[in-house]
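When reading the values below, keep in mind they use all heavy atoms of this one structure, side chains included, and skip hydrogens, waters and symmetry mates.
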Amino acid sequence: MQVFVINLDRATDRMQRMRTLLDGLGLAWARIPAVDGKALEPEALRTWSAARDDGSLILTPGEVGILLSQRQAWQNTVEQDKPCVVLEDDVHIADSARHWLAHTDWLPADADIVKFETTLRPVSVDRQAINVASGLRLARLRSGHLGLAGYIITPKAALRLLKAIGQSAHAVDHLVFDPVSPLFDELVIYQTLPALCIQDQFLPSHQVGLGGEIERAWAVEKKKQKRTLLQKLGREVQRLASQATFAWRGNRFNPSSRLRNLRVPFEEK
């Protein structure tokens, strides 16, 4: 498969590291110059970000940059007319990826996207998984699993996203990998078990200092908000209730559930 690596022009050290990794794995790759949202004109930002009632933009410049960079990867995939791999430049890659990212014969026929990254946070997948080979399984993703650092996408799905995602009030990973988005149910998304890559910021140890640079809109809004004690208590109750619902849905002792909750593991070697 063709691997596309999204990388800012100024991040030359990151690109050199990715070059070494991908060449060492023997994978065919090409760089996609990432769009620097901070360098975009206000009019360009308004084209892609929805606005609040006061006229301020919902998405941060960095989130707009990610959206446009991902759109370029999808466009490239459409032009390739075959499934392609999309990577961000801050990932650690498992040695086994040299096999799985080199060819497509293991991909399910109905797959639109195969997500092969992990954040090590709990996600929900189908209890019944596909045994691809010794050491790798696939399961349908059934819960939010945010991030766009490592996935395989088909030309059909790439075209679908290009047509569906334009000006938005939500970051692009929410539009693709969050069940609150209509696209999530429209796409057939699988998760690899274990993951084939992980961003440096989520690695439990041996990080190399590639922390995320993108400011998130939700984080900006959280800083602005000043909630009363009652509002804080209400949000905490909602959070705990949501966690309890998620836990029971994927609990192995739930006889009516076809789901399981797990933290997708990553093993570099």
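- To the nearest 0.5 angstrom, L25 atom CG is 6.5 Å from D95 atom CG.
- A donor-acceptor pair shorter than 3.5 Å can be found between the side chains of D110 and Y190.
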Might you work through the side chain to side chain contact (heavy atoms under 4.5 Å, CB included) test for R260 and V125, ending with a clear yes or no? CA-CA 6 Å; R260 62 180 294 219; V125 299; 3.7 Å; yes
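- Under the 4.5 Å side-chain contact rule for hydrophobic residues, L87 and V114 share a cluster.
- Considering all non-hydrogen atoms of both residues, E117 and L148 come closest at OE2-N, 3.3 Å.
- Across V264 and A195, no two heavy atoms sit closer than the pair CG1-N, 3.6 Å.
- Side-chain contact check for I130 versus R137: every heavy-atom pair is 4.5 Å or farther apart.
- The pair R17-D90 does not count as a salt bridge, with every side-chain nitrogen at least 4.0 angstrom from each carboxylate oxygen.
- Here the closest heavy-atom approach between residue A171 and residue L59 is recorded as N-CD2, 3.7 Å.
- Heavy-atom contacts from other residues, nucleotides or ligands closer than 6.0 Å to CG of D105 number more than 12.
- In this structure, CG in L21 is found 10.0 Å from CD in Q16, a value given to the nearest 0.5 Å.
- R140 and D126 are not joined by a salt bridge, as no carboxylate oxygen comes within less than 4.0 angstrom of a charged side-chain nitrogen.
- Following chains of ILVMFWY side-chain contacts shorter than 4.5 Å, one can reach I165 starting from F4, so the two form part of one hydrophobic cluster.
- A 6.0 Å sphere centred on CD of E267 holds no more than 12 heavy atoms belonging to other residues, nucleotides or ligands.
- For the pair R160 and L187, the tightest heavy-atom approach, listed with the atom from each and the gap, is CG-CD2, 4.4 Å.
- Atoms CZ and CG, from F116 and L193 in turn, are 14.0 Å apart once rounded to the nearest 0.5 Å.
- A heavy-atom distance below 4.5 Å is not found between the side chains of I66 and I6.
- Contact annotation: the side chain of T192 never approaches that of T118 to less than 4.5 Å [non-hydrogen atoms, C-beta and beyond].
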Check step by step if side chain to side chain contact (heavy atoms under 4.5 Å, CB included) holds for W48 and E63. CA-CA 10 Å; W48 295 101; E63 289 173 326; over 6 Å; no
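- Residues D9 and D36 fail the side-chain proximity criterion, which asks for heavy atoms closer than 4.5 Å.
- Counting heavy atoms of neighbouring residues, nucleotides and ligands inside a 6.0 Å radius, atom NE2 of H170 does not exceed 12 of them.
- At least one donor-acceptor pair under 3.5 Å links the side chain of S49 to the backbone N or O of I58.
- Distance alone, capped at 3.5 Å, places no donor-acceptor pair between the E88 side chain and the V5 backbone.
- A single hydrophobic cluster is not seen to contain both F184 and V188; linkage of ILVMFWY side chains at heavy-atom distances under 4.5 Å, directly or through other members, places them apart.
- For the residue pair N76 and Q80, no side-chain donor N or O sits within less than 3.5 Å of a side-chain acceptor on the partner.
- Criterion: ILVMFWY side-chain heavy atoms under 4.5 Å apart, direct or through other members. Under it, V85 and V132 are part of a common hydrophobic cluster.
- Heavy-atom minimum distance, V91 versus M18: CG2-CE, 3.9 Å.
- Minimum heavy-atom separation, Q2 to A28: NE2-O, 3.6 Å.
- For the pair K115 and F177, the cation sits on the ring face: its NZ or CZ lies under 6.0 Å from the ring centre, inside 45° of the axis.
- A tilted orientation is assigned to the rings of H103 and W100, their planes being inclined by 30° to 60°.
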Report the C-alpha separation of R31 and D89 in whole Å, then their side-chain angles, then the decisive distance to 0.1 Å, and conclude whether the salt bridge (Lys or Arg N to Asp or Glu O under 4.0 Å) test is met. CA-CA 10 Å; R31 176 180 177 268; D89 65 2; over 6 Å; no
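- Side-chain atoms of T104 and M1, non-hydrogen and from C-beta on, do get closer than 4.5 Å to each other.
- To the nearest 0.5 Å, the span separating CG on L175 from CG on L161 amounts to 9.0 Å.
- Ion pairing between K156 and D81 fails under the 4.0 Å rule for side-chain N and carboxylate O.
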Trace of the side chain to side chain contact (heavy atoms under 4.5 Å, CB included) decision for R258 with Q128: CA-CA 8 Å; R258 297 180 180 179; Q128 185 173 358; over 6 Å; no
Please evaluate residues S96 and L196 with respect to the criterion side chain to side chain contact (heavy atoms under 4.5 Å, CB included), reporting the C-alpha separation (whole Å), side-chain torsions for both, the decisive distance (0.1 Å), and the verdict. CA-CA 7 Å; S96 61; L196 302 179; 3.6 Å; yes
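- Under the 4.5 Å side-chain criterion, counting only non-hydrogen atoms from C-beta, D112 is not in contact with I153.
- Using a 4.5 Å cut-off on side-chain heavy atoms (C-beta onward), I32 and S69 make no contact.
- Enclosure of atom CD in E41 is not indicated, since only 12 or fewer non-hydrogen atoms of other residues, nucleotides or ligands lie within 6.0 angstrom.
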